[in-house]
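In what follows, chains carry the letters A, B, and so on, assigned in the order in which the sequence lines appear, proteins first and then strands, with residues in each chain numbered from 1. All values derive from a computational prediction rather than experimental measurement.
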There are 2 protein chains.
Amino acid sequence: MVKTARSGAENGPVGPHVVRRVTASAVLDELRSGGPFTVSELVDLTGLTRATVIAVCEDLVRRGWAEEHVLERLGPQRGRPPRTFGFRADGGVVVGLDIGAHKTTALVADLRGEILGTASGAFRDSEPGARERLDVVSSTAVAALRAASSAPERVLAVGAGVAAPVDRSGHVAEGSDFWEMFDVGLAAALRERHGWHVLLENDANLAALAEQWLGAARGLDDVAVVLAGERLGAGLIESGRLLRGRNGAAGELAFLGLVDGAVGPHGIAQLAREWGAEAAAQSRGLAGLAPADVTAEAVFAAADDGDPAAEGVLRRLEGRMARVIAVLSTLLNPELVVLGGAIAPAAARLLPGIRLELKELTETPAEVEVSALEGEAVALGAVRRALDDVAERALEIDLPGSQAG
Amino acid sequence: MVKTARSGAENGPVGPHVVRRVTASAVLDELRSGGPFTVSELVDLTGLTRATVIAVCEDLVRRGWAEEHVLERLGPQRGRPPRTFGFRADGGVVVGLDIGAHKTTALVADLRGEILGTASGAFRDSEPGARERLDVVSSTAVAALRAASSAPERVLAVGAGVAAPVDRSGHVAEGSDFWEMFDVGLAAALRERHGWHVLLENDANLAALAEQWLGAARGLDDVAVVLAGERLGAGLIESGRLLRGRNGAAGELAFLGLVDGAVGPHGIAQLAREWGAEAAAQSRGLAGLAPADVTAEAVFAAADDGDPAAEGVLRRLEGRMARVIAVLSTLLNPELVVLGGAIAPAAARLLPGIRLELKELTETPAEVEVSALEGEAVALGAVRRALDDVAERALEIDLPGSQAG
DNA sequence: GCAGAATAATTTAGACTCTAAATATAGGTC
DNA sequence: GACCTATATTTAGAGTCTAAATTATTCTGC
């Protein structure tokens, strides 16, 4: 659909080596996604010739992406012992950052996504400046690297999630006054300080990647992940691709106001407080709390005790969520909607009600599940994003310690 | 984001010829998108060597995709006269079909998208059976080919739009009882009868392709096209790609009920009638029409005459449209929303009101324009779809009349 | 121990493609 | 007619793949 780019001139010179790029990618993909393989297995998997597979593997070993395994033969086998090659998951590391309003989390993972180290840090000020944020983020990342017994030089890519729209070029959308100045700062500053390749991304988008990778949406290609808590936003994946929209603002759910007449967008936690306080004020009970003391947790706890007013609040929340999911289902037709964010722990109890209402609201209801990734979805998604980037650039990257020219 | 497929084995054998495929694509893309070029120009455009470009061009000529032009030199020029090559737009044709409820339209275009012939046919029965539909569609397509002085054997691809969800594999989504049986019938039957390669697609999706190709959204990568009339649906393009969703149902706008409390989905024309009739019944005028006589056209005409009740209906329509567009803008963040379908002729007068309301409803309002493609959007989009398919498969297609083995 | 079977690695020959550099060609200019 | 210019063609060299032939390693059975 419409040309992508003046094709040739920019895509580097063509030549016999592009063939090698294709074959090397094929082999590397197999190695990355599976255990060590014998050459014969790789021949079967890729459809390439034995001679080619060996040449490619030796190439990959030289470049640091693969290693030859010394095989331990279990039982007696016939024939010449095969050579086996495996992916070098320790060829480098990636970092996943979840940069929140008050704190930041860093994960360090190997090239297969195994988490090697974690750290988190809090911003001292409640409204920290760019410098403060940058320092905390940077030192948290370094701390996670230390916990992983790794070092900044070994980092091949960094994924970073922020609670703001991020466009396709990795810039925080204009008009988002708070982040506007900081975004360029983050990617540029981390590159400056450590030489890192930073991929900035909206947090809900990363949560979606994480759910698709390790969570409730594992392996599905059409998914929406709703992050509900103080904020409300969604990460959308269609046909395996993140949707960002023109300015990176896709996935905002501020149409809530249109859906049931509320004024402006509201996080679910906020709503629970607000509606809970209403109920308390109307002296409908809620465990005798004063309206000012009503927290989201208190409402959920009261509902557990059978408080009818609190249960009424939950019904309203179910309705609200069902409407949001109904709009997503109708407009985007995902296979599954995952509920995540701060609401996740409480969401399980809303699920039956939501599913029931959803069926009435749309002809194409998605499945609905609750995230099981706890607080780590965004950081895990950042890891996934970084891994994807590394996989894409693999053959252009010179791995530290490789003997390649 | 997750592996796509067991890479190698299915992708055909690798070898030096894949390089040729790359270079040939690069040259062919340039030729297709521009006038005839001299070899030197192609060298600049593609970054390839002169020797390569000539070899590739001669290859393309042999395969029927390009032709060598005899140059007419305008003024005196220095140097050896260059060879020039051009795309052979007449190497074959594509067909675009708009299969509606009551009639069908067929366009025939050359490989550059120039429309060569048109035809349309009506179904005799109001609820025609599969056989009747198939016969009319087939003969309409053949009539359009005749009008284009072409023939069924020259058809390289057929795009076909239907008013039903179509999933990625080209099948009408299950549960859509009416089309369910017919869809497979259409693609299979046209292949059977004429050997055509048929690409079934949702009509709103095709309208979106058309707007992006020739219409108000020319060249934009993030667009939504709302088809409003008796029915209501949208075609969504994000990052240059159509969104289909899990079952092809993406773009449905039946969430309208959620947005302002209406029951079930309603086409705009229906609403105009309904609300107009309400207004008439409340004896608020509407040019003295009896409620039963109120048509959408009558409402718009009355508004033109300054009838306040009719204007009230238009305000309500503006509000409804603005809400729909607001949801699209917020959730998908397109750059532009195009209003098309039966509403298009009347929509221009709603535009100012819609734009004004939209700004109040979302933080990321899209631009809003009215389609200028008149009734042809779907059929044109079908042509575009077919052309894209041909472009993608170009080097695997044996063009009729080529001397390639 | 040793021939033979089984499996895999390595080598060799052949084909195709690209680039780069050298050579040839077709016009115009002086 | 000699020269200049822009282009075309040829030639040499390198990289890559496949396919087929050759060599290597191990186990089995006697």
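With sequence neighbours excluded, the residues that form a side chain to side chain contact (heavy atoms under 4.5 Å, CB included) with A/His69 are A/Pro36, A/Glu67, A/Thr84. In this structure, the side chain to side chain contact (heavy atoms under 4.5 Å, CB included) partners of B/Val198, at least two apart in sequence or on a different chain, are B/Val158, B/Ala160, B/Ala187, B/Leu190, B/Trp196. Residues passing the side-chain hydrogen bond (donor to acceptor under 3.5 Å, both in side chains) test with B/Ser149, sequence neighbours excluded: none. When the ring-ring contact (aromatic ring centres under 6.0 Å, His included) test is applied to B/Trp65, no partner is found at least two apart in sequence or on another chain. A/Glu238 pairs by the salt bridge (Lys or Arg N to Asp or Glu O under 4.0 Å) definition with B/Arg168, not counting sequence neighbours. Under the salt bridge (Lys or Arg N to Asp or Glu O under 4.0 Å) criterion, A/Asp110 pairs with no residue, sequence neighbours left out. Shown here are the salt bridge (Lys or Arg N to Asp or Glu O under 4.0 Å) partners of A/Glu68, two or more places apart in sequence or in another chain: A/Arg83. Applying the ring-ring contact (aromatic ring centres under 6.0 Å, His included) rule to B/His197 yields no partners; only residues at least two apart in sequence or on another chain are considered.
Side-chain atoms of B/Arg385 do not come within 3.5 Å of backbone N or O of B/Gly381 as any donor-acceptor pair. With hydrogens and angles ignored, the 3.5 Å screen pairs no side-chain donor or acceptor of A/Thr49 with any backbone N or O of A/Thr52.
As rounded to whole Å, 14 Å separates atom P of D/dT7 from atom CZ of B/Phe85. Rounded to a whole Å, the CD atom of B/Glu58 is 10 Å from the C1' atom of D/dA8. Taking atom CZ on A/Arg21 and atom P on C/dT17, their separation rounds to 18 Å, with Å as the unit. Following rounding to the nearest Å, B/Ile54 (CD1) and C/dA24 (P) show an atom-to-atom distance of 17 Å. In this structure, B/Phe37 places its CZ atom 15 Å from P of D/dT7, rounding to the nearest Å.
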>> Strictly under 4.0 angstrom, non-hydrogen atoms only: write out the protein contact profile of nucleotides 11-20 of chain D, one letter per nucleotide from the 5' end, B, S or -.
In response: ----BBSB--
Please list, pair by pair, any protein nitrogen or oxygen found under 3.5 Å from a nitrogen or oxygen in nucleotides 1-7 of chain C.
{"from": "C/dT7", "atom 1": "O2", "to": "A/Arg80", "atom 2": "N", "distance (Å)": "2.7"}

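Within the structure, the salt bridge (charged side-chain N to carboxylate O under 4.0 Å, His left out) test picks out the following pairs touching residues 86-97 of chain A (sequence neighbours left out): A/Arg88-A/Asp90.
With the end axes of the helix from C/dG1-D/dC30 to C/dC30-D/dG1 each set by five pairs, the angle from one to the other reads 20° at 10° resolution.
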